[in-house]
Amino acid sequence: MFKKVEPTMNFVPIEEKVLDFWKKERIFEKTLENRKDAPHYVFYEGPPTANGKPHAGHVLTRVIKDLIPRYKTMLGYRVERKGGWDTHGLPVELEVEKQLGISGKPQIEEYGVEEFIKKCKESVFTYEQEWKRMTERVGFWIDMENPYVTYHNTYIESVWWALKKIWEKGLLYKGHKVVPYCPRCGTSLSSHEVAQGYEEVEDPSVFVKFPLEGEDSTYFLVWTTTPWTLPSNVALAVKEDATYVKIEQNGERLILAEERLGVVEGEYEVLEKFPGDKLAGLKYKPVFPFFEEYKDKAFYVVTGDFVTMDEGTGIVHMAPAFGEDDYRMGQKYGLPILQPVDTQGRFTEKVAPWAGMFVKDADKDIIKNLKQRGLLYKSERYLHTYPFCWRCDTPLLYYARSSWFIKTTAVKERLLELNQKIGWHPEHIRDGRFGNFLENVIDWCFSRERYWGTPLNIWVCEECGKEHAVGSIEEMKAMSKLPIGDIELHKPYVDEVILRCPDCGGDMKRVPEVIDCWFDSGSMPFAQFHYPFENEEVFRERFPADFISEAIDQTRGWFYSLFVISTLLFDTSPYKNVLVMGHVLDQYGQKMSKHKGNVLDPWEVLNEQGADAMRWYLYVASPPWMPSRFYKEAVSEAQRRFLGTLWNIYSFFTLYASIDNFDPRKYSLDPKERSEMDRWLLSRINSTNKKVRESLDHFDITTAARALEQLVDDMSNWYVRRCRERFWKSEMDNDKIAAYLTLYEALVTFIKMAAPFVPFITEELYQNLVRVPYPDAPESVHLCDYPEVQQELIDEKLEHKMEMARKIVELGRAARNKAKIKNRQPLSKMMVQLRNPRDEELLKDLTDIIKEELNIKEIEYIHMAEQYFTYMLKPRFDLLGPKYGKLMPAIAREISKANAAELIREAREKGEVVLNVEGQEVRLTQEELDIRAQDKEGFCTEGEGGYYVVLDTTITRELMLEGIARELTSKIQNMRKEAGFEVEDKIYVYYTGDSVIDEALNVHGEEIKGDTLAISIEKAAPPEGSFAREWDINGHRAILGVKKMGGE
RNA sequence: GGGCUUAUAGCUCAGAUGGUGAGAGCACACGCCUGAUAAGCGUGAGGUCGGUGGUUCGAGUCCACCUAAGCCCA
């Protein structure tokens, strides 16, 4: 019947075989066909960028993403999983620049935009194969044959449609944003790029005096490290709630923050103290005269919470064109944006003295000029980190560029509202990281002055300035001045399309920008289906998603872009549940990075330990949102503990099932007819199933995995170990049938429960355990339904009492250990004290198990056995605390003073005891007393948690002989194995030994024969050809020999 | 600088709603067991529950502040 399985574990070849099977039999496809008419459970794949190699972190996201859809499929849903690739964006361009050996926009233009974007397109799939290989190997079932690709025309067209919708709502506008900008490359940099280019440099640090208007020789003392921004100054900012002072020094008065007085050199006198808001609105004279025309609108003091007291003077100079805070304050106060710097970082004619000079180079001259005019308080050098262009090492300028924005602030309230309904896992993301981000939402600056991206679909009329958003290829063709054939929706092709202005008939040209690729990926719910141009129904059925899952860094990335776009277009959240994952770290909790050289190639683990092991570790080690440490040893441990144990059970089962040629179809036995152990296992299986389902339904993967792990352990180290003998015995009676059926049913149910977690090993077991006897069963475990919870098989009482029994056994073993009496030596009696009489009643049915497990003839239940224990009393704080509150310490004192035994007796007899505590009557029931026993010297006792055992260590001659017999059995069994006999081989046994051995064999010989499959036990020197050994049998020397029947 | 998260044994992690000797697995030491056997079981050692203060009859658990780490942002 069943294929016999080697106990040695070698999972990798098995997994490879299973992969072949899945592929050949199209199992993934069948899981969908199987649920063709079932309700959808919608999953969205967050598209990976295919221009980098996948690492261990990507494995985590993939195996988590895989689990839930597999589970939901087995529950009866149809879970389509369309793959996707994120293909646009600056990283791709950078990769190509590197590859071509060019750098920066001017060189790209020179190389040719058309050729350049062709290269980008090619580059995107450099690692596609690598990703596919990893995805397949870890068992992530996703359709990678028909993925959505963000650079495809159909995808871009859907994005255009979305942008036009937003445009029509009036939520798309052109504005300014201060961005880190490289004047040499002529481009702004992404935050990621900026982060790469910080260097420690010395910059000027100047303290400038801004003359207060209407008060002679009085100045605001202002600090800056960018003197070149001073000509563009429009305001000064102070901190509202900080204390400022006016001081007198050398006949001048200076205003600065009290906390920053340390910057003042020499003697001074404090004249006045006042809070920052007193300064608000005060006018001052600009230190340079280039923009005097703005004197009505600018040059006064404002307040801002970004002003810090860590450095400078507590008064910050504001140049809205050159700083983020500055720009924001400028917007808030309606200050002018002065930008006398061109795109190459040189002063314009507006700043006549330094026109044409690179601004950073002008710093020296500016300082000199201020000094000459007596406006410089002091000048120093200042060491700090400053961003440089990582390509050309030019210092970056923070520079206001015109950009396109989506007015997300317009839907802020709706975003907050919809967010409340999302099932975030973990929950704190909702009101924490994500919620906070939404609270502070700013308009989305989504244009990029780059090449490889979805072109921004706005055309502007050169005549009348009319702007028009194009929403489809059709529309573009209709408005085009010249006929357009097939056109790729990328630069430079779309740039060449000239539209006729609907207002004036003039030429309309497309704006040069492309869009943020986050807008691309955030559009995937509809763009993956080319909605609304086709697949209307398909989209409707698959929106919103029931489940998505990505790493925490996507909070402001994909989670946000998806959410905003759906809110703008459909006024609903695009996903119902999000499982947020933490990052995968190395063994020491450090982020894996190439730089540190601590990146673990997932293939190392996949090739050695296999995908199931890796998956299991990632599920069970810690909740997915916690950063998880990843290293081989950890995976090995998880593998041993779970897969190894499961494999052991499986090989045990198949070993005996094939010996007995057990056929599950031939038998059926109502669980009620089976033993307690059997019913216990069936109960454990079902209560665990319940727990696993509940946990997975709440996306709590770790709890589910841990429950499964506990179950495997219970199955192995209790059920199988306890029931081994039932499988050994020769006749196939009801008891043996019950054992086989129970273990069989348990295994089959278990592998279905575990299938979404460890899809490979469960498939392997399924093929043997189910498909062999039942060829009509579903072809794959993954085509099965998730097992139903058989509520009628759950017996909580039974589980509870089994737990007690195991506890008692554990204590018994500890007691034997203490007494130094090995388990094989039978003992006559053990006394057991339980927590309460109810438990005793329960435990009675399991007494046999305890006796057997501990090799003890009799269990006696005792209560208040003062000969063995001294008793201690404590109040049950949890019960009495709420009743008596402050009186508790006094009650505890009173109880400890009383005679424990008497008190307990009284409580038992009368139902309660009455104590007088500080004049108050306190009634205590037996329940409310916490009785603890402490063992007395001289007895072999053990106790824990209210359970106690006392071992009777007397070994009578009878027991001694039995011990010897057990010992002989064990040795013979050992030798059988050592001699290499098969489990079912019959043998002859020979022995020599003293009279005690003789006697033991006399009394127990038949039993030994039965256990060891011996035909005879003969007192004789082992003959030629037998396997012999000399042994010390509990102090008696003996020579034993075994010989296989028919082996002569 | 701000937000979020985390901090329990050498390591990995459990410890609803506060209830009074703080748990598991791994690793270590010792022992047991031996037809599931490159497994299994027991015992032992190992913890000021990151720190300080507070609320409470009672705090690993609640509150405040601080420290460290991670992530995101500035």
Side-chain angles (χ1 to χ4, degrees), chain A residues 7-9 191 305-310 324-325 426 428-429 431-437 439-440 551-557 580 582-583 585 587 589-591 617 620-623 625-629 631 633-634 636-638 640-641 644-645 647-656 702-703 706 709-710 713 716-717 720-721 724-725 727-728 809-818 820-824 853 872 874-882 884-892 930 932 942 944-945 970-978 981-985 1011-1013:
Chain A
T8 45
M9 294 164 274
S191 58
D305 52 12
F306 59 90
V307 178
T308 73
M309 293 296 151
D310 298 335
E324 180 88 54
D325 289 328
H428 62 74
I429 302 283
D431 293 315
R433 198 175 276 230
F434 198 68
N436 284 336
F437 184 50
E439 288 281 355
N440 299 312
I552 179 98
D553 55 352
Q554 296 299 329
T555 312
R556 288 159 189 238
V580 183
H583 287 124
L585 309 173
Q587 184 164 12
Q590 300 274 311
K591 194 176 170 169
Y617 170 71
V620 86
S622 57
W625 46 83
M626 301 273 275
S628 34
R629 299 184 181 199
Y631 49 100
E633 293 73 20
S636 293
E637 191 196 321
R640 246 199 338 269
R641 205 159 60 201
T645 310
W647 193 259
N648 254 318
I649 302 169
Y650 172 58
S651 76
F652 174 88
F653 175 81
T654 54
L655 174 68
Y656 288 98
T702 309
T703 301
R706 286 174 181 166
E709 197 165 84
Q710 183 59 52
D713 189 65
S716 173
N717 290 324
V720 171
R721 195 166 56 75
R724 268 181 301 189
E725 289 172 39
F727 294 90
W728 298 342
V809 168
E810 198 175 291
L811 291 172
R813 274 200 282 254
R816 269 187 176 274
N817 216 306
K818 210 194 247 178
K820 292 197 168 36
I821 299 171
K822 54 171 83 172
N823 209 38
R824 259 200 308 269
E853 191 69 16
M872 249 177 54
K874 281 188 141 191
R876 281 279 300 273
F877 284 87
D878 54 336
L879 299 177
L880 296 170
Y884 294 104
K886 290 194 187 196
L887 211 55
M888 285 311 292
I891 296 175
D930 183 2
R932 291 178 181 181
E942 279 293 331
E944 199 193 313
S970 150
K971 299 309 179 213
I972 294 167
Q973 296 286 41
N974 249 340
M975 289 169 67
R976 284 183 59 111
K977 200 176 158 206
E978 226 177 311
F981 299 165
E982 290 302 314
V983 176
E984 61 270 36
D985 287 341
D1011 287 345
T1012 60
L1013 299 185

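Every chain is numbered from 1, with letters handed out A, B, ... down the list of sequences.
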Subject >> Stems where RNA chain B pairs, listed by first number, each of three or more Watson-Crick or G-U pairs under 3.5 Å >> reply: B:1-7 with B:67-73, B:10-13 with B:23-26, B:28-32 with B:40-44, B:50-54 with B:62-66
Kindly give the atom pairs (protein nitrogen or oxygen, nucleotide nitrogen or oxygen) under 3.5 Å for nucleotides 15-20 of chain B.
unit_1	atom_1	unit_2	atom_2	d
B:G19	O2'	A:D878	N	2.8
B:U20	O2'	A:K874	NZ	3.3

Between the protein and nucleotides 59-63 of chain B, list the N/O to N/O atom pairs that are separated by less than 3.5 angstrom.
none

Original post:
Under 6.0 Å between ring centres, would you say that holds for A:F727 and A:F652?
Top reply: yes
Original post:
Of the candidate nucleotides B:C72, B:C4, B:A36, which contains the atom at the shortest distance from the side chain of A:R556?
Top reply: B:C72
**OP:** Please determine if a side-chain N or O atom of A:K820 lies less than 4.0 Å away from the OP1 or OP2 oxygen of B:G31.
**Re:** no
Look for any protein N or O under 3.5 Å of an N or O in nucleotides 42-47 of chain B and output each such pair with its distance, or none.
unit_1	atom_1	unit_2	atom_2	d
B:G42	O2'	A:N817	ND2	3.1

Subject >> Whole-Å distance separating the NZ atom of A:K886 from the C1' atom of B:U55 >> reply: 12 Å
Original post:
Between A:S651 and B:A36, is there a side-chain N or O to OP1/OP2 distance below 4.0 Å?
Top reply: no
Original post:
Can you name the residues that form a side-chain contact (heavy atoms from CB on, under 4.5 Å) with A:D930, not counting sequence neighbours?
Top reply: A:K874, A:R876, A:R932
**OP:** Under the salt bridge (Lys or Arg N to Asp or Glu O under 4.0 Å) rule, collect the residues that match up with A:R433, sequence neighbours excluded.
**Re:** none
Original post:
Which residue, A:D713 or A:R724, contacts RNA chain B at a nucleotide closer to its 5' end, judged by nearest heavy atom?
Top reply: A:R724
**OP:** Write down the distance between CG (A:L655) and C1' (B:U37), rounded to a whole number of angstrom.
**Re:** 12 Å
Subject >> Contact nearer the 5' end of RNA chain B, comparing A:I552 with A:W625 >> reply: A:W625
**OP:** Could you check how far NZ of A:K822 sits from P of B:C33, rounded to whole Å?
**Re:** 4 Å
Original post:
Under 4.0 Å between a side-chain N/O of A:N717 and OP1 or OP2 of B:C41, yes or no?
Top reply: yes
Subject >> Nucleotide nearest A:P889 when distance is taken to its side chain, options B:C57, B:G35, B:C72 >> reply: B:C57
Subject >> A:R641, nearest nucleotide to its side chain (from B:G25, B:A36, B:C33) >> reply: B:G25
Original post:
CE of A:M626 versus C1' of B:C4: gap in Å, rounded?
Top reply: 14 Å
